[in-house]
Amino acid sequence: MIAMLFGPPGSGKGTQAKEVAARLAVPHVATGDIFRKHLKSNTELGQLARSYMDKGQLVPDSVTCDLVASRLVEDDAVSGVLLDGFPRSVPQAEWLLGWLSARGKAIGAVVNLLVPDAMLIERIAGRRSCLGCGATFHVTANPPAPDGTCTACGAEVVQRADDREEVVRARLETYARETAPVLGALAGHAPVHDVDGTGSIEDVQTRIFAALALG
Ligand code: AMP
């Protein structure tokens, strides 16, 4: 199944993605994670992406769509994927719908995570990310190990550069202006399930599984 986690920064897409992808038995494809990998290995794409990410802006659609196209044709993605953070603009959504329909495919489900703005800012301000495996933590709700390392892989856990408050505000503005309209572009092309994204990680996961009839 081609499924999609949709919602603003801090709505919990990355936190929920691993379990949801495992339950759907499809790979988790997160464009933000792919850009961060390129950034870490200092590729040309990473350098280009950084100039947008540091300002809370979107990487250009053509670059992002090419990246997704090359990921979607990999062997493990042929029978489905869980998209996280893509599409993030109406042109990206239109490109995806066209790309899929040309291959006789369609989006099976969109999970739209709903979280109030004040909670998004609180969550992102407290978010910490592992430099090794990318696992995310929250200083109070889901802390890393007492020595500040990752409970999954032991690497250092830090605040992402684009999780600083001034960048977060820009990311939320970008979301409202460019990403929220994606839901309208998907209407009629994919079933959209609104899911309450507040509460514990387990509660939200239960709601997502119920929405996807995976309970
Ligand atoms: P994320 O980890 O999903 O919050 O993404 C981090 C940053 O990567 C975003 O703020 C954008 O600068 C960039 N990015 C991730 N996904 C996309 C996308 N689909 N289109 C454009 N830029 C993206």
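Note that ligands are numbered from 1 as they come in the structure, with each ligand's atoms numbered from 1 the same way. Source: prediction; values computed, not measured.
Checked against I2 for a side-chain contact (heavy atoms from CB on, under 4.5 Å), the options V81, V26, L96, L82 give a single hit: V81. Between I208 and the options L214, V195, D203, a side-chain contact (heavy atoms from CB on, under 4.5 Å) holds for only V195.
An N or O contact shorter than 3.5 Å links R171 to ligand 1 by distance.
Taking 4.0 Å as the cut-off, R160 counts as a neighbour of ligand 1 on heavy-atom distance. Taking a 4.0 Å cut-off on heavy atoms, K55 fails to register as neighbouring ligand 1.
Summary of contacts: the protein heavy atom closest to atom 22 (N) of ligand 1 is V59 N, 3.0 Å. For atom 1 (P) of ligand 1, the closest non-hydrogen atom of the protein is R88 NH2, 3.5 Å. Among protein heavy atoms, the minimum distance from atom 19 (N) of ligand 1 is reached at G85 O, 2.8 Å. In terms of protein heavy-atom proximity, atom 23 (C) of ligand 1 is nearest to F35 CE1, 3.7 Å.
No donor-acceptor pair closer than 3.5 Å links the side chain of R169 to the backbone N or O of E166. Proximity of a side-chain donor or acceptor of K55 to a complementary backbone N or O of V167 within less than 3.5 Å is not detected.
Within ligand 1, the atoms closer than 4.0 Å to a non-hydrogen atom of R36 are 2 (O), 6 (C), numbered from 1 in the order shown. Set against the non-hydrogen atoms of Q92, the atoms of ligand 1 under 4.0 Å away are 18 (C), 19 (N), 20 (N), 21 (C). Short contacts between ligand 1 and Q57, defined as distances under 4.0 Å to a heavy atom of the residue, involve ligand atoms 11 (C), 12 (O). Ligand-side atoms of ligand 1 in range of T31: 15 (C), 16 (N), 17 (C), 18 (C), 19 (N), range being under 4.0 angstrom from any heavy atom.
A donor-acceptor contact closer than 3.5 angstrom is absent between the side chains of H193 and N112.
Looking at D162 against ligand 1, only its side chain comes within 4.0 Å, counting heavy atoms. Of all the heavy atoms of T64, the ones lying under 4.0 Å from any atom of ligand 1 belong exclusively to the side chain.
Between R128 and D163, none of the side-chain N atoms (NZ, or NE/NH1/NH2) sits under 4.0 Å from a carboxylate O, so this pair counts as no salt bridge.
Taking the ring axis of F209 as reference, the NZ or CZ atom of R23 stays within 45° of it and closer than 6.0 Å to the ring centre.
Within 6.0 Å of the CG atom in D147, the count of heavy atoms belonging to other residues, nucleotides or ligands exceeds 12.
One finds the CG atom of L5 at 8.0 Å from the CD atom of Q16 (value rounded to the nearest 0.5 Å).
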